[in-house]
Amino acid sequence: MERAKVLVEFYSEEPLENVMAMIKYRPEKIVFLGHKDNMITKKIHDIMHFRDCMCTGTELEFIEVPKDDLNGAIELLSGIIRDYPGVRFELTGGSELILIALGCIAARYDISKLRIDPFTGKEIDIRGRKVNTSDYHFNIGIAEDIILHGGVLTNQTASYADWHFTESFREDIRILWDICQKYKKNWNRYCGSIDELQKNAPRSREGWVDISRGPLGDAYYLLQDLLDAGMIKDYSEHGKQITFRFKNNAIRRVIGKAGNILELHVYEVATRDGYLFTDAIIGAHIDWDGEIHDIEHPGYDTINEIDVILMKNVCPIFISCKNGKVGGLALHELETVSRKFGGKYARKALVVGPALDNTTGTMYFRQRAKDMHIWIIDDVFRMSDEQLLNRLKRI
């Protein structure tokens with residue numbers, strides 16, 4: 001692959017459009033041309049932080065172009081062509097004025113141009129009268145995507161702090177999901193009962209759970225299924241008291257927060273075959289401004305959590321998982337976060353365990369999701385893994 005020495009990037013308000021050529025060609029220098037009202041300092045710093053992660057050897061220069069001065073834009077572009085022989089122009093972003101200026105110059109100069117579409121993965125390379133279309137095969141990670149959009153994944157992100165997807169844990173997730181499918185909406189209630197009882201029980205021995213049989217109610221049957229599946233061990237009943245240990249801390253966390261199992265199931269199914277998605281994160285904690293505060297650096301952080309983020313090449317898919325009732329707020333939270341950290345190239349989905357009904361309120365909910373371009377994947381309790389994976393692929 002030819003490495004360009006200098007690229008001119010017409011600055012776009014969509015962050016991804018500003019870095020596609022950088023990722024592929026890793027030039028010695030990129031000159032960004034944009035207008036003062038959209039090429040703001042914070043977004044410039046975001047691009048520079050992304051460069052530091054992905055293309056450390058590339059120099060960046062940002063030049064403001066007057067918004068209504070076509071002759072000035074033509075003169076600026078002509079000067080760049082003279083100063084950097086062989087310069088290439090990347091046309092994915094940019095205002096109409098700058099594109100018009102380049103069109104005027106193209107009538108006089110034999111200049112090299114290219115355009116990369118992040119969503120379709122197509123690159124158009126124009127050299128003189130020759131036009132070549134090819135596939136773009138480059139990826140960015142979710143952490144880098146968040147940095148590009150001005151945020152950062154904190155160390156509370158579950159993929160970093162909580163879950164370690166060994167083959168043993170993946171098998172445990174599949175077993176627990178089978179049990180969850182049996183109980184469906186009751187899973188949340190029964191897990192809540194078990195967790196509440198163990199939290200309120202006196203601590204006799206570290207790692208052991210001592211709870212009363214009576215208050216368990218029907219959650220007792222879930223406890224028996226967990227025992228039969230090997231998710232709890234050292235189980236005994238003495239009169240009205242039940243004593244046991246969870247298989248490990250991961251299983252304790254799954255039962256301790258009932259919604260965890262749907263998130264884990266979606267992540268496990270999506271990442272079972274590594275070729276389908278190029279990156280994946282579960283329990284993403286995103287700091288909005290990229291500046292994490294602590295005792296040494298006091299301040300206030302705006303944090304959002306997204307249950308699952310999948311990456312397909314350079315386009316993120318934001319997924320919210322709901323194991324019970326779901327309302328309009330879930331749609332707006334998902335829309336806000338995906339717009340901020342994925343822009344127009346992000347895809348978003350709401351995965352719901354139970355089937356949504358056909359009441360008037362639910363039909364309005366579905367229409368709102370459709371208007372917001374949010375996929376709804378419901379009735380996952382009844383889906384096979386293959387059916388869920390096919391729905392995720394369609395996103």
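FYI, the numbering just counts along the sequence from 1. Computation of the quantities below employed the complete heavy-atom set of this structure, encompassing side-chain atoms and omitting hydrogens, waters and symmetry-equivalent molecules. Computed from a predicted model, the values in this text were never measured in an experiment.
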Quiz item: Between Phe62 and Phe32, does the ring centroid distance fall short of 6.0 Å?
Solution: yes
Practice problem: Flag yes if Val326 and Val266 sit in one hydrophobic cluster, no otherwise; membership is Ile, Leu, Val, Met, Phe, Trp, Tyr, and two members link when side-chain heavy atoms are under 4.5 Å apart. | Solution: no
Exercise. Spell out, yes or no, whether Phe381 and Ile376 are grouped together once hydrophobic residues are joined by side-chain heavy atoms under 4.5 Å, including indirect joins.
Key: no
Solution key, residues 363-370 side-chain donor-acceptor pairs under 3.5 Å, sequence neighbours excluded:
{"from": "Arg366", "atom 1": "NH2", "to": "Asp378", "atom 2": "OD2", "distance (Å)": "3.0"}
{"from": "Gln367", "atom 1": "NE2", "to": "Asp371", "atom 2": "OD1", "distance (Å)": "2.9"}

Exercise. Determine whether Ile30 and Leu114 fall in the same hydrophobic cluster, where Ile, Leu, Val, Met, Phe, Trp and Tyr are linked whenever their side-chain heavy atoms lie under 4.5 Å apart.
Key: yes
Self-check item: Trp163 vs Glu268 side-chain heavy atoms within contact, under 4.5 Å
Solution: no
Practice problem: Identify whether Ile319 and Tyr345 are in the same connected component of the hydrophobic contact network (ILVMFWY, side-chain heavy atoms under 4.5 Å). | Solution: no
Exercise. Measure up the Phe246 and Phe244 rings against each other and bin them: parallel (under 30°), tilted (30 to 60°), perpendicular (over 60°).
Key: perpendicular
Practice problem: Measure from the ring center of Phe318 to the ring center of Phe341 and say whether it is less than 6.0 Å. | Solution: no
Practice problem: Could you walk me through whether Trp177 and Val380 pass the side-chain contact (heavy atoms from CB on, under 4.5 Å) test, one step at a time? | Solution: CA-CA 11 Å; Trp177 178 251; Val380 179; 3.8 Å; yes
Quiz item: Taking all non-hydrogen atoms of both residues, which atom of Cys53 and which atom of Glu144 are closest, and how far apart?
Solution: CB-CG, 4.1 Å
Exercise. Verify, without hydrogens or angle tests, whether Glu59 (side chain) and Glu61 (backbone) share a donor-acceptor contact under 3.5 angstrom.
Key: no
Quiz item: Does atom OH of Tyr235 have more than 12 heavy-atom neighbours, drawn from other residues, nucleotides or ligands, at distances under 6.0 Å?
Solution: yes
Quiz item: Is there a donor-acceptor pair under 3.5 Å between the side chain of Lys257 and the backbone N or O of Cys191?
Solution: no
Practice problem: Just do the side chain to side chain donor-acceptor pair (under 3.5 Å) check on Asp357 and Thr362 with the steps written out, would you? | Solution: CA-CA 6 Å; Asp357 57 37; Thr362 300; 2.5 Å; yes
Practice problem: State, with a plain yes or no, whether a side-chain heavy atom of Asn248 is found less than 4.5 Å away from one of Phe169. | Solution: no
Exercise. Taking the six-membered ring for Trp and the single ring otherwise, decide whether the centroids of Phe277 and Tyr275 are under 6.0 Å apart.
Key: no
Exercise. Taking all non-hydrogen atoms of both residues into account, name the closest pair between Lys67 and Asp37 and its distance.
Key: NZ-OD2, 2.6 Å
Quiz item: Is Asn323 close to Cys180 at the side-chain level, that is, under 4.5 Å between some pair of heavy atoms?
Solution: yes
Exercise. Linking directly or through intermediates, with side-chain heavy atoms under 4.5 Å: list the remaining ILVMFWY members grouped with Ile126, chain and number order.
Key: Ile124, Val131
Quiz item: Taking side chain as C-beta onward, heavy atoms only, is Leu392 less than 4.5 Å from Trp375?
Solution: no
Quiz item: Does one hydrophobic cluster hold both Ile261 and Val352, with members joined at side-chain heavy-atom distances below 4.5 Å?
Solution: no
Quiz item: Under 4.0 Å between a Lys/Arg side-chain N and an Asp/Glu carboxylate O for Glu28 and Lys5?
Solution: no
Practice problem: Dump the intermediate steps for side chain to side chain donor-acceptor pair (under 3.5 Å) on Gln241 and Ser212, then the final yes or no. | Solution: CA-CA 5 Å; Gln241 286 299 115; Ser212 298; 3.0 Å; yes
Quiz item: What is the minimum heavy-atom distance between Asn18 and Glu9, and which atoms define it?
Solution: O-OE1, 3.5 Å
Practice problem: Decide yes or no for Asp145 and Asp279: does some side-chain heavy atom of the first lie under 4.5 Å from some side-chain heavy atom of the second? | Solution: no
Self-check item: Any donor-acceptor pair under 3.5 Å from Ser320 side chain to Leu350 backbone
Solution: no
Practice problem: Evaluate side-chain contact (heavy atoms from CB on, under 4.5 Å) for Gln181 paired with Met383, printing each intermediate quantity in order. | Solution: CA-CA 9 Å; Gln181 284 184 302; Met383 283 186 188; 5.6 Å; no
Quiz item: Are any of the side-chain nitrogens in Asp46 or Lys42 under 4.0 Å away from the carboxylate oxygens of its partner?
Solution: yes
Side chains of residues 74-85: which donor-acceptor partners sit under 3.5 Å, not counting sequence neighbours?
{"from": "Ser78", "atom 1": "OG", "to": "Ile74", "atom 2": "O", "distance (Å)": "2.8"}
{"from": "Tyr84", "atom 1": "OH", "to": "Lys29", "atom 2": "NZ", "distance (Å)": "2.8"}

Quiz prompt | Test side chain to side chain donor-acceptor pair (under 3.5 Å) applied to Tyr11 and Glu64, step by step | solution = CA-CA 10 Å; Tyr11 182 85; Glu64 291 182 2; over 6 Å; no
Quiz item: Can you tell me how far the CD1 atom of Ile255 sits from the CG atom of Asn260, to the nearest 0.5 Å?
Solution: 9.5 Å
Self-check item: Side chains of Ser12 and Glu14, donor plus acceptor under 3.5 Å
Solution: no
Practice problem: Run the numbers on Ile140 and Leu16 for side-chain contact (heavy atoms from CB on, under 4.5 Å), then give the verdict. | Solution: CA-CA 10 Å; Ile140 64 174; Leu16 187 58; 4.1 Å; yes
Quiz item: Can you name the one residue among Thr133, Asp117, Asp135 that meets side-chain hydrogen bond (donor to acceptor under 3.5 Å, both in side chains) with Lys122?
Solution: Asp135
Quiz item: Under a 4.5 Å cut-off applied to non-hydrogen side-chain atoms, are Asn38 and Lys43 in contact?
Solution: no
Quiz item: Between CG of Leu356 and CG of Asp379, what distance do you get to the nearest 0.5 Å?
Solution: 8.5 Å
Self-check item: Note, Phe89 side chain near Ile98 side chain (heavy atom, < 4.5 Å)
Solution: no
Practice problem: Nearest 0.5 Å please: distance from the CG atom of Asn313 over to the CZ atom of Phe138. | Solution: 11.0 Å
Quiz prompt | Heavy-atom closest contact (Ala270 atom, Leu389 atom, distance) | solution = CA-CD1, 4.2 Å
Quiz item: Is a side-chain N or O of Ser112 found less than 3.5 angstrom from the main chain of Arg127, in a donor-acceptor match?
Solution: no
Quiz item: Any ion pair linking Arg88 and Asp125 (charged N to carboxylate O, less than 4.0 Å)?
Solution: yes
Quiz prompt | Distance-minimising heavy-atom pair for Ile232 and Leu223 | solution = CD1-O, 3.6 Å
Quiz prompt | Whether over 12 other heavy atoms sit under 6.0 Å from Arg272 CZ | solution = yes
Quiz item: Using 4.0 Å as the upper bound for N to carboxylate O, is an ion pair formed by Arg174 and Glu171?
Solution: yes
Quiz item: When you look at Lys113 and Ile111, which way does the side-chain contact (heavy atoms from CB on, under 4.5 Å) test go after all the steps?
Solution: CA-CA 6 Å; Lys113 303 175 287 293; Ile111 56 178; 3.9 Å; yes
Quiz item: Out of curiosity, Gln156 CD to Asp287 CG, how far, rounded to the nearest 0.5 Å?
Solution: 10.0 Å
Quiz item: Does the Asp307 side chain pair with the main chain of Cys321, one donor and one acceptor, at a distance under 3.5 Å?
Solution: yes
Self-check item: Approximate separation, where rounding is to 0.5 Å, of Leu97 CG and Asp69 CG
Solution: 7.5 Å
Quiz item: So does Lys185 have more than 12 non-hydrogen atoms from other groups sitting under 6.0 Å from NZ?
Solution: no
Quiz prompt | Exceeds 12 heavy-atom contacts within 6.0 angstrom, atom CZ of Arg394 | solution = no
Self-check item: Reported CD1-to-CD1 distance for the pair Ile282 and Ile309, which is rounded to 0.5 angstrom
Solution: 11.0 Å
Quiz item: Is any side-chain heavy atom of Gln198 less than 4.5 Å from a side-chain heavy atom of Asp195?
Solution: yes
Self-check item: Closest contact, heavy atoms only, Asp385 versus Val269
Solution: O-CG1, 3.7 Å
Quiz item: Is the number of heavy atoms from other residues, nucleotides or ligands within 6.0 Å of CD (Glu237) greater than 12?
Solution: yes
